[in-house]
Every structure is written in structure tokens, then in C-alpha cells.
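For reference, the structure is listed below as C-alpha cells.
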Amino acid sequence: MDDPDFPFLGTEPMAVELANTLYGQGEQQIDFLGSPEWIDRWFALVGTEHGLAVPVDVGRDAGRVRALRDCVHHLLSAAADAKAPRTDMLDRLNEFAATTPTHPRLEWAADGTRRLRRVGLTTGLGHLAADCIEVLTRPPARSPRRCTGPGCSMLYVRNHPRRRWCHPSCGHRDRQARYYRRQRLPEAP
């Protein structure tokens, strides 16, 4: 099986990256976690980028991984589309998050700054569920959004008030499409 070209933005929280593995809509939808091998490869790629230690063979639990992804995708999409989520998806996400045992840890830097971190023995899926909860409970200005680029269905976290696209390439395609429409469509009287 060939390595897929994962829809990986590299700048988003891991929960958003997980949701984006279900790319497209309807007949055009692609499941980038469609096989245990792809799941292992995705976790190797994204887990490394986000510092998440997951078992090498996480794909053996493909059903649970896809169930969590479906919950995360549904909830982030509901937030992006300003719709109420299904209760069963909310309950399922909370079940996954409950598998993340942590404890508080105080970190004190040399410059005197202090911060609280939650650390402990965590499961990979529980960590992803907790990450989704953190994304969904941010202020509205930093809530999940859906890319407005032509043909793109990716989700992203808005980190700037004027951000409309998941990646600069989508913004470029969007600007090109608008330019093309202005040039090709006759002026209205």
C-alpha cells in the first residue's frame, strides 16, 4: 500500500489534524485512516510533530481510532458550522477523554515565570480527546473554522481575525478563482 499524501497542515492542534483525516464530502470523501497501516503512518508523522508518544502499532486498534476521529470531526464541524452536535458524539468524546489520567505539575523557569502543566501517563486517544475539548472551549475568536478555499473541506483554528483559509495555498486558489471570475464574466449593466 502506498503512503498517502496526508492532509497535514502542521500548524494546527492535533485534534484538528485528526479531524482533517476525513477529507472531502459525499462521494468525494477520502478516509486517510482507512487502513491500520495508514493509521500507524499518520500517528508516526503527526505524533512526532506534536510530541505525542503513541504505540508503534496503534493501527491494530483501528476501530477505536476511527471512532474517536469521527467524534472529533463531528464536534469540530458542528462548532465551525455553528450547529448543535449530536449528544452521542459528545458522550463518546468524553469517554475517550476520561482515559487520560494526569496530575498537575508546577514548572518554574529561570526567568521566574511559572506555569501549570498537566502531566502523567496518558493514552494517545485520550490525549487527542482532551486536545479536542481544549480546542472547543477556547474563546469564540479562536474557535474552529472551515476553510473557504475552493473545493477544500479542511478545518483549522482561527489564529488571526482575518484568517479564512487553512493554508496559504487555499488563499491563493481562492484569489485566483475570484480574479478569473472578474476577468471572464461580463460586466452587468
Side-chain angles (χ1 to χ4, degrees), residues 4 6-26 29-105 115-147 153-159 166:
F6 291 115
F8 177 62
L9 296 172
T11 57
E12 300 301 324
M14 197 164 175
V16 174
E17 300 286 7
L18 178 66
N20 285 334
T21 62
L22 195 57
Y23 183 80
Q25 297 174 353
Q29 196 168 57
I30 301 169
D31 183 356
F32 283 95
L33 300 181
S35 73
E37 294 82 17
W38 284 14
I39 292 171
D40 288 338
R41 289 181 185 129
W42 185 84
F43 272 98
L45 170 72
V46 180
T48 302
E49 288 289 321
H50 287 273
L52 178 66
V54 292
V56 176
D57 59 349
V58 71
R60 67 182 158 70
D61 204 4
R64 283 179 40 97
V65 171
R66 284 190 289 266
L68 174 61
R69 186 271 318 271
D70 293 346
C71 288
V72 170
H73 186 271
H74 174 78
L75 293 167
L76 293 178
S77 293
D81 300 336
K83 294 182 179 176
R86 290 181 9 211
T87 308
D88 63 319
M89 291 294 196
L90 190 60
D91 292 342
R92 190 82 189 257
L93 181 79
N94 286 326
E95 288 172 15
F96 276 107
T99 68
T100 310
T102 62
H103 62 276
R105 179 184 180 120
R115 72 177 187 168
L116 168 74
R117 288 192 76 189
R118 299 268 175 208
V119 296
L121 178 65
T122 62
T123 66
L125 299 182
H127 177 79
L128 282 167
D131 190 49
C132 180
I133 292 169
E134 287 179 25
V135 168
L136 289 168
T137 56
R138 289 181 178 163
R142 293 193 36 90
S143 64
R145 301 282 196 262
R146 189 170 307 283
C147 182
S153 66
M154 299 271 279
L155 295 164
Y156 66 92
V157 174
R158 190 175 190 180
N159 56 6
C166 66

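Residues take their numbers from the sequence shown, with the count starting at 1.
- Formation of a donor-acceptor pair under 3.5 Å by the H74 side chain with backbone atoms of R86 is found in this model.
- Summarising the geometry, atom CE belonging to M14 is positioned 5.5 Å from atom CZ belonging to F43; distances are rounded to the nearest 0.5 Å.
- Between the OG atom in S35 and the CZ atom in R66 there is a gap of 8.0 Å [rounded to 0.5 Å].
- Note that CG of L155 is 11.0 Å distant from OH of Y23, once rounded to the nearest 0.5 Å.
- For the atom pair H73 NE2 and S153 OG, the distance stands at 6.5 Å (nearest 0.5 Å).
- The minimum heavy-atom distance between A97 and A129, with the atom names listed, is N-CB, 3.5 Å.
- Summarising the geometry, atom CG belonging to L128 is positioned 10.0 Å from atom CG belonging to L93; distances are rounded to the nearest 0.5 Å.
- Distance SG/C166 to CD/E12: 8.0 Å, rounded to 0.5 Å.
- Screening D40, L18, L22, L68 for a side chain to side chain contact (heavy atoms under 4.5 Å, CB included) involving L33 leaves a single residue, L18.
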Item checked: Check against side chain to side chain contact (heavy atoms under 4.5 Å, CB included), I133 and L75 -> CA-CA 9 Å; I133 292 169; L75 293 167; over 6 Å; no

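- No side-chain heavy atom of P144 sits less than 4.5 Å from a side-chain heavy atom of V16.
- For the residue pair A19 and R69, the shortest heavy atom distance occurs at O-CD, 4.4 Å.
- Within the 4.5 Å cutoff, the side chain of C71 has no heavy atoms near those of the E95 side chain.
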